[in-house]
Amino acid sequence: MSTRQLKLGAFIQATGHHIAAWRHPGSQADSGINIDHYQQVAQTAERGKFDMVFLADSPGINEDLEGLASGRYGRIAIFEPVTLFASLSAVTKHIGFVSTASTTYEQPFTLARKFASLDHLSKGRAAWNVVTTGNENAAGNFGLEKHPDHADRYERAEEFVEVVKGLWDSFEDDAFPRDKDSGVYFHPDKLHTLNHKGKHFSVSGPLNIARPPQGHPVIVQAGASEPGRDLAARTAEVIFTAWQRLEDAQAFYRDVKGRLAKYGRHPDSLKIMPGISPVIGRTQEEAEAKLRELEDLIHPSVGQAILQRYFPNVDISQYDLDGPPPPFAETTNGNKSRLALVAELAQREGLTLRQLYKRLAGARGHWVVVGTPQSIADQIQEWFENEAADGFNVMPPILPESLDTFVELVIPELQRRGLFRTEYEGKTLRENLGLERPANTNLQRSEHTSDASGAAAA
């Protein structure tokens, strides 16, 4: 039996990750605003012993409004994730909750407070997916004329994360005796005011909530650009990535793990979890038929909308869908790593525009695997055992149907091979992921200041 265990996240994209999933009979069409649906999905993932459920989010509609003119796009009405997970924490006991929130369009104090609240409400199961927001449509929702530049967003993100961590450490762990006999509710000397003044933020603090049960909610990041890799090496504890090939995933894994030492971190302190979207059949033929069924539900106007984001200066509707794509943009102010992945995929395989949107419709550039439970487990095991992944962010094509099938058929196969847990190891998300509980940063600063004062006196 393997001593190293897979980590699994369930990426719950409303009706499912396939763009046409909302039309499929196995989906819940109104799932974006259906709490009963999300409760069912979270409980299914917990039954499968997943580490966490993950919800992507953006502070605005991701697609160009012109691309939505057909009214066929099924992802424009969705819950805000922290609010949703606060509700789901009441109907689950073990599974963690990874909520996306933007360092570009939120403020550190309010973000720190709501994630600390979620960690308390869930009894130590919260995680923050740190994003800089690649969606250029978001700017107008916050009174900005244009989306901030990529480099500026990452610079702001680094300072943002440090401020949030400092706010989470406003109180020491034992600051609240709440002693009725003595009348002492809290120890004032265990309260620390941040008084942060930096390039992007001036935040006094302290946070008006006790230190979270996990110390800090788990820090998650997605993306593979150069600034993204360095931000992950500095701050992230889990990173979600998108790769199509084993060798590319291995190169990323080794690169990011190799950067950790520069920041005084151990390789095990960061879990790398590529996205995988499994189309599962009891036979290979059945799995392939399931994929064709979904592809047949994609309306061409929706396919064009998928493609348009990769060709920002071109009207893609003017091109023959059965012909080659026009030249890709050389760069973007949005998601740089995803643009590079999609361009490389199209060029490597010589895809037509229609073939390309079918490939992207399933998981937006993440790894789509089509096969039996055994063959899917084989591929997961190959990546896991060959320095490509510490686990996977599972992206069911259809919800709830595909997650039900994964839990019923693939999880037992992974358990049989000794690759995945049969019971949860701990009570918090950190414990289940094998991550250390962080020390209080304010105490570390105090110790450093004390040491420096002592050295000066000597």
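Just so it is clear, the model here is predicted, and its values are computed rather than measured. Reckoned from all heavy atoms, side chains included, excluding hydrogens, waters and symmetry mates.
Relative to the six-membered ring of Phe97, Arg125 misses at least one condition, a distance below 6.0 Å or an angle of at most 45° to the axis. Seen from the ring of Phe186, Arg178 does not count as a face-on cation partner, given the 6.0 Å and 45° thresholds.
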Inset, instruction - For Ile411 and Leu8, run side-chain contact (heavy atoms from CB on, under 4.5 Å): C-alpha distance rounded to whole Å, both residues' side-chain angles, the deciding distance at 0.1 Å, then the answer. - result: CA-CA 10 Å; Ile411 291 290; Leu8 292 179; 3.7 Å; yes
Inset, instruction - Show your working on ring-ring contact (aromatic ring centres under 6.0 Å, His included) between Phe160 and His200 and close with a plain yes or no. - result: CA-CA 8 Å; Phe160 194 115; His200 297 276; over 10 Å; no
Legend entry - Worked verdict on Trp128 versus Ser99 for side-chain contact (heavy atoms from CB on, under 4.5 Å): CA-CA 5 Å; Trp128 170 29; Ser99 178; over 6 Å; no
Inset, instruction - Could you check Thr104 against Thr133 for side-chain hydrogen bond (donor to acceptor under 3.5 Å, both in side chains), going step by step and ending with a plain yes or no? - result: CA-CA 7 Å; Thr104 303; Thr133 300; 4.8 Å; no
Legend entry - Worked check of side-chain contact (heavy atoms from CB on, under 4.5 Å) between Arg72 and Arg23: CA-CA 10 Å; Arg72 299 177 185 275; Arg23 300 182 63 191; 5.7 Å; no
Inset, instruction - Run the numbers on Gln43 and Thr92 for side-chain contact (heavy atoms from CB on, under 4.5 Å), then give the verdict. - result: CA-CA 6 Å; Gln43 289 169 341; Thr92 55; 4.3 Å; yes
Legend entry - Glu408 and Thr405: CA distance, side-chain angles, deciding distance, side-chain hydrogen bond (donor to acceptor under 3.5 Å, both in side chains) verdict: CA-CA 5 Å; Glu408 178 188 352; Thr405 304; 5.4 Å; no
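Within 6.0 Å of the CD1 atom in Ile35, the count of heavy atoms belonging to other residues, nucleotides or ligands exceeds 12. The environment of CZ in Arg113 is sparse: at most 12 heavy-atom neighbours from other residues, nucleotides or ligands sit within 6.0 Å. For Glu425, the CD atom is densely surrounded, since the number of other residues' heavy atoms within 6.0 Å is greater than 12.
Ring geometry, Tyr105 versus His147: the interplanar angle falls under 30°, so the pair is classed parallel (tilted spans 30 to 60°). Between Phe50 and Phe420, the two ring planes are perpendicular [angle over 60°; tilted spans 30° to 60°]. Note: Trp367 and Trp383 have parallel aromatic rings, judged against thresholds of 30 and 60 degrees for the angle between ring planes.
Here the straight-line distance linking atom CZ of Phe115 with atom NE2 of His120 works out to 14.0 Å at 0.5 Å rounding. How far CD1 of Ile376 is from CG of Leu414: 10.0 Å, rounded to the nearest 0.5 Å.
Looking at Gln221, its side chain never comes within 3.5 Å of a backbone N or O of Ile239 through a donor-acceptor pair. Although no hydrogens or angles enter the test, the distance criterion places no donor-acceptor pair under 3.5 Å between the side chain of Ser31 and the main chain of Asn34. Asp179 contributes a side-chain N or O that, together with a main-chain N or O of Asp181, makes up a donor-acceptor pair within less than 3.5 Å. A distance-only check finds a donor-acceptor pair linking the side chain of Gln244 to the backbone of Gly365 [under 3.5 Å]. A donor-acceptor distance shorter than 3.5 angstrom exists from the side chain of Arg265 to the backbone of Ser269, with no hydrogens or angles considered. A donor-acceptor pair is defined here as one N or O able to donate and one able to accept, closer than 3.5 Å; such a pair exists between the side chain of Lys7 and the backbone of Asn432. Side-chain atoms of Ser402 do not come within 3.5 Å of backbone N or O of Leu399 as any donor-acceptor pair.
Ionic pairing of Arg4 and Asp268 is not present here: no N-O contact between side-chain nitrogen and carboxylate oxygen is shorter than 4.0 angstrom. Using a 4.0 Å cut-off between charged side-chain N and carboxylate O, Glu431 and Lys427 make no salt bridge. Using a 4.0 Å cut-off between charged nitrogen and carboxylate oxygen, Lys114 and Glu106 count as a salt-bridge pair. The existence of a salt bridge linking Arg254 and Glu387 is confirmed by a sub-4.0 Å separation between a basic side-chain nitrogen and an acidic carboxylate oxygen. Note on Glu158 versus Arg234: salt bridge recorded, some NZ/NE/NH1/NH2 to OD/OE distance being below 4.0 Å. Between Arg156 and Asp152, none of the side-chain N atoms (NZ, or NE/NH1/NH2) sits under 4.0 Å from a carboxylate O, so this pair counts as no salt bridge. With respect to Glu155 and Lys199, a salt bridge is recorded, a charged nitrogen being found less than 4.0 Å from a carboxylate O. With salt bridges taken as basic N to acidic carboxylate O contacts below 4.0 Å, one links Glu413 and Arg416. Between Lys49 and Glu423, at least one side-chain nitrogen of the basic residue sits less than 4.0 Å from a carboxylate oxygen of the acidic one, meeting the salt-bridge criterion.
Looking only at atom types and distance, the side chain of Glu172 has no donor-acceptor partner in the side chain of His187 under 3.5 Å away. Between the side chains of Ser58 and Asn135, at least one donor N or O lies within less than 3.5 Å of an accepting N or O. A donor-acceptor pair shorter than 3.5 Å cannot be found between the side chains of Gln250 and Asp248. A side-chain N or O of Glu159 and one of His196 form a donor-acceptor pair less than 3.5 Å apart. Checked by atom type, the side-chain pair Arg417/Gln381 shows a donor-acceptor distance below 3.5 Å. Side-chain polar atoms of Asp390 and Tyr253 form a donor-acceptor pair below 3.5 angstrom. For the residue pair Gln107/Thr110, the side-chain donor-acceptor check at 3.5 Å is not satisfied. Residues Asp57 and Thr100 have side chains that never bring a donor and an acceptor to within less than 3.5 angstrom of each other.
For His17 and Phe11, the ring centers sit closer than 6.0 Å to each other.
Within the structure, salt bridge (Lys or Arg N to Asp or Glu O under 4.0 Å) pairs that include any residue of residues 205-222 comprise Asp169-Arg211, Asp173-Arg211 (at least two apart or interchain).
At a threshold of 4.5 Å between non-hydrogen side-chain atoms, the residues Ser170 and Leu194 do not count as touching. Inter-residue side-chain proximity for Lys123 and Thr428 is flagged as unmet; no heavy-atom pair is nearer than 4.5 Å.
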